[in-house]
Amino acid sequence: MSRLNFAIGLTGGIGSGKSTVADQFAALGASVVDTDQIAHSLTAPGGSAMPAIVAEFGAEFADASGAMDRARMRELVFNDASAKARLEAILHPRIRDAALAAGEAATGSYVIFAVPLLVESGTWRQRVSRIVTVDCPEEVQLARVMARNNLTKEQVLAIMANQASRLQRLEAADDVIDNGGEVAALAPQIARLHALYLAISKRSATNTAQCL
């Protein structure tokens with residue numbers, strides 16, 4: 001049976017706390033596949049996407065270490081939709097293939113794909129059984145990212161403008177985790193969803209076994 005017969009898609013806007021939530025699910029026994037981490041590995045020094053990125057955009061988009069120059073690329077794609085599409089054409093298939101391979105190899109009680117742009121990508125919706133959105137007010141996102149990344153308000157707003165809206169993420173969600181307050185408030189919400197996902201996962205495995 002494929003490990004991906006039952007999988008969760010975890011998403012949320014920048015600064016929503018996706019990583020914190022993913023870590024807590026992992027601590028309860030879920031296998032988390034983080035597409036952001038995969039993207040970073042693909043664009044790190046020696047990353048498998050770097051030859052294509054350099055060929056497409058030029059050597060100036062690699063830094064001295066051979067990694068993608070993120071600041072330069074961010075500035076380009078925020079101001080040039082065709083450049084954004086060209087970068088996505090390089091990265092998205094590689095991220096997808098690596099994520100699905102990691103999901104199949106996972107050994108946890110179920111698989112969670114942490115996908116920041118799950119709603120925007122469209123195709124991830126067909127790969128997961130349920131979508132859980134980590135939600136918080138946009139002013140909380142803004143404050144968190146400004147403090148964490150040392151970015152200006154304008155820079156953070158530009159990033160947020162390139163993501164799905166809060167409403168779009170909520171509309172796509174089967175489940176919502178409220179992370180607008182204290183971190184301690186996450187644990188009971190995650191424990192409840194973990195119990196639900198365990199039950200669905202076991203039911204899915206049983207139904208699949210009966211069909212074999």
Under 4.5 Å between side-chain heavy atoms, counting indirect links through other Ile/Leu/Val/Met/Phe/Trp/Tyr residues: same cluster for [X] and [Y] or not?
| X | Y | answer |
| --- | --- | --- |
| Val32 | Ile200 | yes |
| Leu193 | Leu170 | no |
| Met160 | Leu118 | yes |
| Leu117 | Ile131 | no |
| Val140 | Ile177 | no |

Measure the [atom1]-[atom2] distance between [X] and [Y] for me, rounded to the nearest 0.5 Å.
| X | Y | atom1 | atom2 | value |
| --- | --- | --- | --- | --- |
| Ile38 | His40 | CD1 | NE2 | 11.5 Å |
| Asp69 | Ile53 | CG | CD1 | 11.0 Å |
| Tyr197 | Ser129 | OH | OG | 10.5 Å |
| Leu10 | Ser19 | CG | OG | 8.5 Å |
| Leu91 | Met68 | CG | CE | 6.5 Å |

key: Residues which pass salt bridge (Lys or Arg N to Asp or Glu O under 4.0 Å) with Glu88, listed by chain and number, not counting sequence neighbours   = Lys84
key: salt bridge (Lys or Arg N to Asp or Glu O under 4.0 Å) partners for Glu56, two or more places apart   = Arg86
request  = Evaluate the ring planes of His194 and Tyr110, with Trp represented by its six-membered ring, and classify them as parallel (under 30°), tilted (30 to 60°) or perpendicular (over 60°).
outcome  = tilted
task = Report the C-alpha distance between Thr11 and Trp124 in whole Å, list the side-chain angles of each, state the deciding distance to 0.1 Å, and finish with yes or no for side-chain contact (heavy atoms from CB on, under 4.5 Å).
result = CA-CA 11 Å; Thr11 195; Trp124 271 104; over 6 Å; no
Search all heavy atoms of [X] against all heavy atoms of [Y] and return the closest pair with its distance.
| X | Y | answer |
| --- | --- | --- |
| Ser201 | Ser109 | OG-O, 3.4 Å |
| Ala62 | Met50 | CB-CE, 3.9 Å |
| Pro137 | Gly180 | CD-CA, 4.0 Å |
| Ser48 | Leu42 | OG-CD2, 3.0 Å |
| Arg125 | Ala172 | NH1-CB, 4.2 Å |
| Gly103 | Val111 | O-CG2, 3.7 Å |

Please output the side-chain donor-acceptor pairs of residues 143-154 that fall under 3.5 Å, not counting sequence neighbours, one pair per line with the distance.
from	atom 1	to	atom 2	distance (Å)
Arg144	NH1	Gly15	O	3.0
Arg144	NH1	Ser16	O	3.4
Arg144	NH1	Asn179	O	3.2
Arg144	NH2	Asn179	O	2.6
Thr152	OG1	Gln155	N	3.1
Thr152	OG1	Gln155	OE1	3.3

Backbone of [Y] reached by a side-chain donor or acceptor of [X] within 3.5 Å:
| X | Y | result |
| --- | --- | --- |
| Arg169 | Ala164 | yes |
| Gln141 | Ile14 | yes |
| Ser65 | Pro45 | no |
| Gln163 | Ile159 | no |
| Thr133 | Gly12 | no |

Please table the atom pairs, donor to acceptor, closer than 3.5 Å between any side-chain atom in residues 94-102 and protein atoms at least two apart or in another chain.
from	atom 1	to	atom 2	distance (Å)
Arg94	NH1	Ile90	O	2.7

task = Could you note down all residue pairs passing ring-ring contact (aromatic ring centres under 6.0 Å, His included) where residues 52-103 supplies at least one of them, sequence neighbours left out?
result = Phe57-Phe61
task = Might you work through the side-chain contact (heavy atoms from CB on, under 4.5 Å) test for Thr43 and Arg70, ending with a clear yes or no?
result = CA-CA 9 Å; Thr43 56; Arg70 298 184 185 284; 2.7 Å; yes
request  = Would you list the pairs meeting salt bridge (charged side-chain N to carboxylate O under 4.0 Å, His left out) in which at least one residue belongs to residues 129-140, sequence neighbours left out?
outcome  = Arg130-Asp175, Asp135-Arg166
